[in-house]
Q: 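Okay, handing you the structure first.
Remember, it's a predicted structure, so these values are computed and weren't measured experimentally. Atoms considered below: every heavy atom in the structure, side chains included; atoms not considered: hydrogens, waters and symmetry mates.
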Amino acid sequence: MSRYSSPVRLAEGPLIFVSGQVPEAADGSVAEGDAIAQTRQVFANLKAALAPYGADLRHVVKLTYYLRHIADLSALHLVLDEELVYEPRPAGTLVESSGLVDPRYLVEIDAVAVQPAPSTDTAS
């Protein structure tokens, strides 16, 4: 993960571009288990990448999914149903890729989000 750019926000605009997130925890360990466990870790990483911008999964407008094995599509859908509970759901693209950067990775996801407007709530 350290070789990838941090999320990038254009100074002139509200878009946040999140580099591909992999199933690696902050301590460098790779999520053990199947594509479900790995996809859950990837979503935890996506949420952590968006948080400094005041954004969360509600603000994601586009996701690109990279699966090592297309057979893991049902695992991906299971986690998407857990995580993407807001409407409208983001646009998406799915790519099967046998060449993810680490052979232990079964899934990688990148994102585009819209930074939320600053709160105008004046109640104290």
Q: Any chance you could measure Gln115, atom CD, to Tyr53, atom OH, to the nearest 0.5 Å?
A: 8.0 Å
Q: Examine the side chains of Tyr66 and Asp110 and answer whether a donor and an acceptor come within less than 3.5 Å of each other.
A: yes
Q: Please list, chain by chain and in numerical order, all residues satisfying side chain to side chain contact (heavy atoms under 4.5 Å, CB included) with Ala31, sequence neighbours excluded.
A: Pro23, Gln38, Gln41
Q: Mind checking the CD1-CG spacing from Ile109 to Leu94? Nearest 0.5 Å is all I need.
A: 10.0 Å
Q: Which atom pair, heavy atoms only, marks the closest approach of Ser29 to Asp27?
A: OG-OD1, 2.6 Å
Q: So how far is it from Ser97 OG to Ile70 CD1, rounded to the nearest 0.5 Å?
A: 11.0 Å
Q: Extract all donor-acceptor atom pairs below 3.5 Å that involve side chains of residues 84-92 and protein atoms in other chains or at least two apart in sequence.
A:
{"residue": "Arg89", "atom": "NH1", "partner": "Asp81", "partner atom": "OD1", "Å": "3.3"}

Q: Do you know which two heavy atoms are closest between Leu100 and Val107, and how far apart they sit?
A: CD1-N, 3.9 Å
Q: Taking all non-hydrogen atoms of both residues, which atom of Leu106 and which atom of Asp34 are closest, and how far apart?
A: CD1-C, 3.9 Å
Q: Indicate the atoms forming the closest heavy-atom contact of Val112 with Leu15, along with that distance.
A: CG1-CD2, 4.3 Å
Q: For Glu24 and Tyr105, which I'm curious about, is there any donor-acceptor pair between the side chains at under 3.5 Å?
A: yes
Q: Give me the atom names and distance for the closest heavy-atom approach of Val42 to Val22.
A: CG2-C, 3.5 Å
Q: Can you tell me how far OH of Tyr65 sits from NE2 of His77, rounded to the nearest 0.5 angstrom?
A: 7.5 Å
Q: Any salt bridge linking Glu82 with Arg40? Criterion: basic side-chain nitrogen under 4.0 Å from a carboxylate oxygen.
A: yes
Q: Indicate yes or no: does Arg68 engage Glu108 in a salt bridge with an N to O separation below 4.0 Å.
A: no
Q: Could you state the interatomic distance from CG (Leu80) to OG1 (Thr39), rounded to the nearest 0.5 Å?
A: 7.5 Å
Q: Starting at CD of Glu83, measure out to CG of Leu57 and round the result to the nearest 0.5 Å.
A: 6.0 Å
